[in-house]
There are 2 protein chains.
Amino acid sequence: MKTKKKYSRVTLQEVAEHAGVSRATASLAVRNSQNISKATRNKVLKSMTELGYVYDRIAANLRSQRSSTIGLIITDIANPFFSELLIGVHHALEKHGYTVVLGTTFDLDAKQDKLLSTMLEHRVGGVILCPVSDSLKETIERIKQWDIPIVHAVRELPDVSCDYVGIDYKIGAQMAVGHLIRKGHRRIAFLGGSSESSAWQERKKGYCTALQQVGLQIDEALVIENAVTREGGKKALQQVLNDPNPPTAAFCFNDLVAFGVMQGLRDRGLVPSEDMAVVGLDDVQEASISNPPLTTVSSFARLIGTYAADLLHQRIVDPLRERQRMILQPELVVRDSS
Amino acid sequence: MKTKKKYSRVTLQEVAEHAGVSRATASLAVRNSQNISKATRNKVLKSMTELGYVYDRIAANLRSQRSSTIGLIITDIANPFFSELLIGVHHALEKHGYTVVLGTTFDLDAKQDKLLSTMLEHRVGGVILCPVSDSLKETIERIKQWDIPIVHAVRELPDVSCDYVGIDYKIGAQMAVGHLIRKGHRRIAFLGGSSESSAWQERKKGYCTALQQVGLQIDEALVIENAVTREGGKKALQQVLNDPNPPTAAFCFNDLVAFGVMQGLRDRGLVPSEDMAVVGLDDVQEASISNPPLTTVSSFARLIGTYAADLLHQRIVDPLRERQRMILQPELVVRDSS
DNA sequence: CTGAAAGCGCTTACAG
DNA sequence: CTGAAAGCGCTTACAG
């Protein structure tokens, strides 16, 4: 579990002795305080390097009741959407001197709950949470009680009033499905994702709105839930192809699902775009190099990460500030799969 | 930089008072020590939940001179190879109760140096380092002085004697190039990567060996270094296509570079596989869905992560144990790009 | 500008 | 089995 440290550190005490000053003075010097004479500071700095001193941020944080870490909880590191988001978070947080503790839930409530505890125990200064799609009531209650800064990203939890940054998935879905309609499709499937998540519900709304706008009926048999993975996409496709009147186009929960759908088509000897138009959502980097290049809707993953980090920092600085919600507008990216 | 905590925690002291025992006893109860009566333990546990106590692992670690975090330093989170590796590390480390602090160097020595310091300051129990391809002498010296457990992954640093887990890239490259030769190619380029890194040097050796085995000469004009990104692949391709006698096949530093090369071909109106055979290295998930599906050599990213984590844990448990080197054997995966 | 004392929230010997 | 005291490595008032 934990491990005995067999390696001894040079302490500030030793630095102070070496420099011939008190511990308090050495502490001020290390932290570059203004209340210290240049001569003293230099003396201390010299001792530091000579002794190979390493600042113990953990001890400092404990004493000063601060934190220099923040927790980032995502659902799936293998999804390039989240890698991008992670990069955005990293860039923004590093400006403020934070170190990030990463946790992956694999979209499991139990794992999320455990990670939340771990982060608390590790005294993170705040948390950026991309909630699992199927959060239990108890977890949501817990998060509501939560008294450290938290911002939600990508998905919103019901009845939880927190800072939030995400995409307008409804508009995104509408764009995607509208595009397919303009291409002449009338039977359009909606594949992948879990109806428990707000992210799915919003897409569903956009999907329905787009169809209804042109007077098309919703056929629930074309709406197939499944895991948000390539595999999930394949399975959803297989199911929808068994429909007596199969769709000619598919709007996928996200790009990952769309990749699975395209692979599934090929496994059946069908050709994406020719035999079935496929549209994704996210515009991950792979979308432009897939076969065929994927038509999709950009959800600006990196930007979401950056904004979430900024919101968190602001919340940490001022816990009482008004709650913020940032909803980015998606963009349609037309390629060859549709 | 750091932030004042405005949220007060329930302390063990308060739990002890509430339960009517001493702090020491409460501490033992929390940690599930055997030297405590069941009745006392239950009393304490009850007080804990009633008060909403959260264990302060940081304070505990400070006092007991242990650590429950480990640092993972990678070069590029957007490379699916590293996402996979990260997953492997996570899975393995979580078994041992560690939390991971993540750092990304973007293959920059300065960033790596800074991250190493940050990790030390945060009292990580050990570090898994995927070194940048171009580590400065000073950095290498520093790592050699380093007195906390460290295992290197993916790339080895010259003259540094550490635990290491990686792939036999020479064999991997030999497999890839051998495959192209069997397909009848004679002018085979080697695209992407930096000659400063051991990972590149090994591939180069394999590339040369494969060519020499069939009596082909090495044409250095076909060996083009560039960034290990899609973009780098594109650029390397452009350069090699300007050769008066351009290659008919390309062995790419990794899959990411290969994707860039294929995109670059298409940008020029050429068709991967037909106009130029392309082979990658890593077998990231995207390789099977690219256009065309990419022939590549698997480098078992997730397994490398798992093994690195295991080695680190063993090193932490026994700092004096013999140094370990694990070299995995790659596997050729033939698809349509060659 | 510098130092002596107290304390962050825990755990570790050591008594009893 | 339980408690009083000391201490992990820092920082924070408070004197001077």
Side-chain angles (χ1 to χ4, degrees), chain A residues 1-44 47-48 51-68 120-125, chain B residues 1-44 47-48 51-68 120-125:
Chain A
M1 174 91 182
K2 291 188 263 164
T3 72
K4 196 153 253 142
K5 233 181 148 269
K6 305 249 175 21
Y7 314 85
S8 64
R9 300 167 82 103
V10 175
T11 69
L12 199 52
Q13 177 72 278
E14 300 174 59
V15 172
E17 278 165 19
H18 187 271
V21 299
S22 77
R23 217 150 96 245
T25 304
S27 172
L28 291 172
V30 166
R31 283 174 296 149
N32 253 306
S33 158
Q34 295 305 314
N35 307 323
I36 230 112
S37 70
K38 267 218 169 120
T40 310
R41 190 205 315 289
N42 287 337
K43 230 177 10 181
V44 174
S47 297
M48 269 178 53
L51 264 42
Y53 173 70
V54 175
Y55 185 62
D56 191 327
R57 204 169 287 282
I58 292 295
N61 285 344
L62 175 61
R63 176 57 239 254
S64 59
Q65 296 291 80
R66 293 163 206 267
S67 173
S68 55
L120 260 191
E121 294 184 0
H122 277 278
R123 287 185 152 273
V124 296
Chain B
M1 173 93 183
K2 292 190 262 161
T3 72
K4 194 153 253 142
K5 233 180 149 269
K6 305 248 173 22
Y7 315 86
S8 64
R9 300 167 82 101
V10 175
T11 70
L12 199 52
Q13 177 71 280
E14 300 173 60
V15 172
E17 277 165 19
H18 186 272
V21 300
S22 76
R23 216 150 96 245
T25 304
S27 172
L28 292 173
V30 166
R31 284 175 294 149
N32 253 309
S33 159
Q34 295 305 313
N35 308 322
I36 231 116
S37 70
K38 267 218 170 119
T40 311
R41 191 207 313 288
N42 286 339
K43 229 178 8 181
V44 174
S47 297
M48 270 179 53
L51 264 42
Y53 173 69
V54 175
Y55 185 61
D56 192 327
R57 205 169 287 282
I58 292 295
N61 286 344
L62 174 61
R63 175 58 238 256
S64 60
Q65 296 291 80
R66 294 162 206 267
S67 173
S68 55
L120 260 191
E121 293 185 0
H122 278 276
R123 289 184 151 271
V124 296

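The chains referred to below are lettered A, B, ... by the order of the sequence lines, with proteins before strands, and numbering in each begins at 1.
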Q.
Using 0.5 Å steps for rounding, measure from the CG atom of Asn32(A) to the CZ atom of Arg41(A).
A. 5.0 Å
Q: Provide the closest heavy-atom pair for Ala26(A) versus Val21(A) in the form atom of the first, atom of the second, distance.
A: N-CG2, 4.1 Å
Q: Could you tell me which residues satisfy side chain to side chain contact (heavy atoms under 4.5 Å, CB included) with Val10(A), sequence neighbours excluded, listed by chain and number?
A: Glu14(A), Val15(A), Leu51(A), Tyr53(A)
Q. Once you round to the nearest 0.5 Å, how far does CZ of Arg9(B) lie from CG of Leu120(A)?
A. 6.5 Å
Q. Going by number, which of residues 14-22 of chain A have a non-hydrogen atom under 4.0 Å from DNA chain D?
A. none
Q: Quickly work out the Lys43(B) NZ to dT2(D) C1' distance and round it to whole Å.
A: 10 Å
Q) Given dT12(C), is OP1 or OP2 found less than 4.0 Å from the side-chain N or O atoms of Ser27(B)? A) no
Q | Ala24(B), nearest nucleotide to its side chain (from dA4(C), dT12(C), dT11(D)) | A | dT12(C)
Q) Does one side chain, of Arg31(A) or Ser27(A), offer a donor that lies under 3.5 Å from an acceptor on the other? A) yes
Q. How many angstroms lie between OG in Ser37(A) and CG in Asn42(A), if you round to the nearest 0.5 Å?
A. 8.5 Å
Q | Short side-chain N/O contact from Arg66(B) to OP1 or OP2 of dT12(C), under 4.0 Å | A | yes
Q.
Is there a side-chain contact between His18(A) and Met48(A) in this structure, where contact means two heavy atoms from C-beta onward sitting under 4.5 Å apart?
A. no
Q. Are the side chains of Asp56(A) and Glu121(B) in touch, meaning some heavy atoms are under 4.5 Å apart?
A. no
Q | Counterpart residues, side chain to side chain contact (heavy atoms under 4.5 Å, CB included), relative to His122(B) (two or more places apart) | A | Arg57(A), Ile58(A), Ser68(A), Thr69(A), Thr99(A), Thr118(B)
**Q.** Spatial distance of atom CG (Leu12(B)) from atom OG (Ser47(B)) [nearest 0.5 Å]
**A.** 10.5 Å
Q | Presence of Thr25(A) side-chain N/O under 4.0 Å of dG3(C) phosphate oxygens OP1/OP2 | A | yes
Q.
If I take atom CG in residue Leu28(B) and atom C1' in nucleotide dC14(C), what distance separates them, rounded to the nearest angstrom?
A. 13 Å
Can you check nucleotides 6-9 of chain D for protein contacts, nitrogen or oxygen pairs under 3.5 Å, and list what you find?
{"from": "dG7(D)", "atom 1": "N2", "to": "Arg63(B)", "atom 2": "NE", "distance (Å)": "3.3"}
{"from": "dG7(D)", "atom 1": "N2", "to": "Arg63(B)", "atom 2": "NH1", "distance (Å)": "3.3"}
{"from": "dG7(D)", "atom 1": "N3", "to": "Arg63(B)", "atom 2": "NH1", "distance (Å)": "3.3"}
{"from": "dC8(D)", "atom 1": "O2", "to": "Arg63(B)", "atom 2": "N", "distance (Å)": "3.1"}
{"from": "dG9(D)", "atom 1": "OP1", "to": "Gln65(B)", "atom 2": "NE2", "distance (Å)": "3.4"}
{"from": "dG9(D)", "atom 1": "N2", "to": "Ala59(A)", "atom 2": "O", "distance (Å)": "3.3"}

Q. Counting a pair only when it is Watson-Crick or G-U and both distances are under 3.5 Å, which runs of at least 3 such pairs involve DNA chain C?
A. C:1-3 with D:14-16, C:5-12 with D:5-12, C:14-16 with D:1-3
Q: Name all residues meeting the side-chain hydrogen bond (donor to acceptor under 3.5 Å, both in side chains) criterion together with Ser33(B); count only those two or more places apart in sequence or in a different chain, and write none if there are none.
A: none
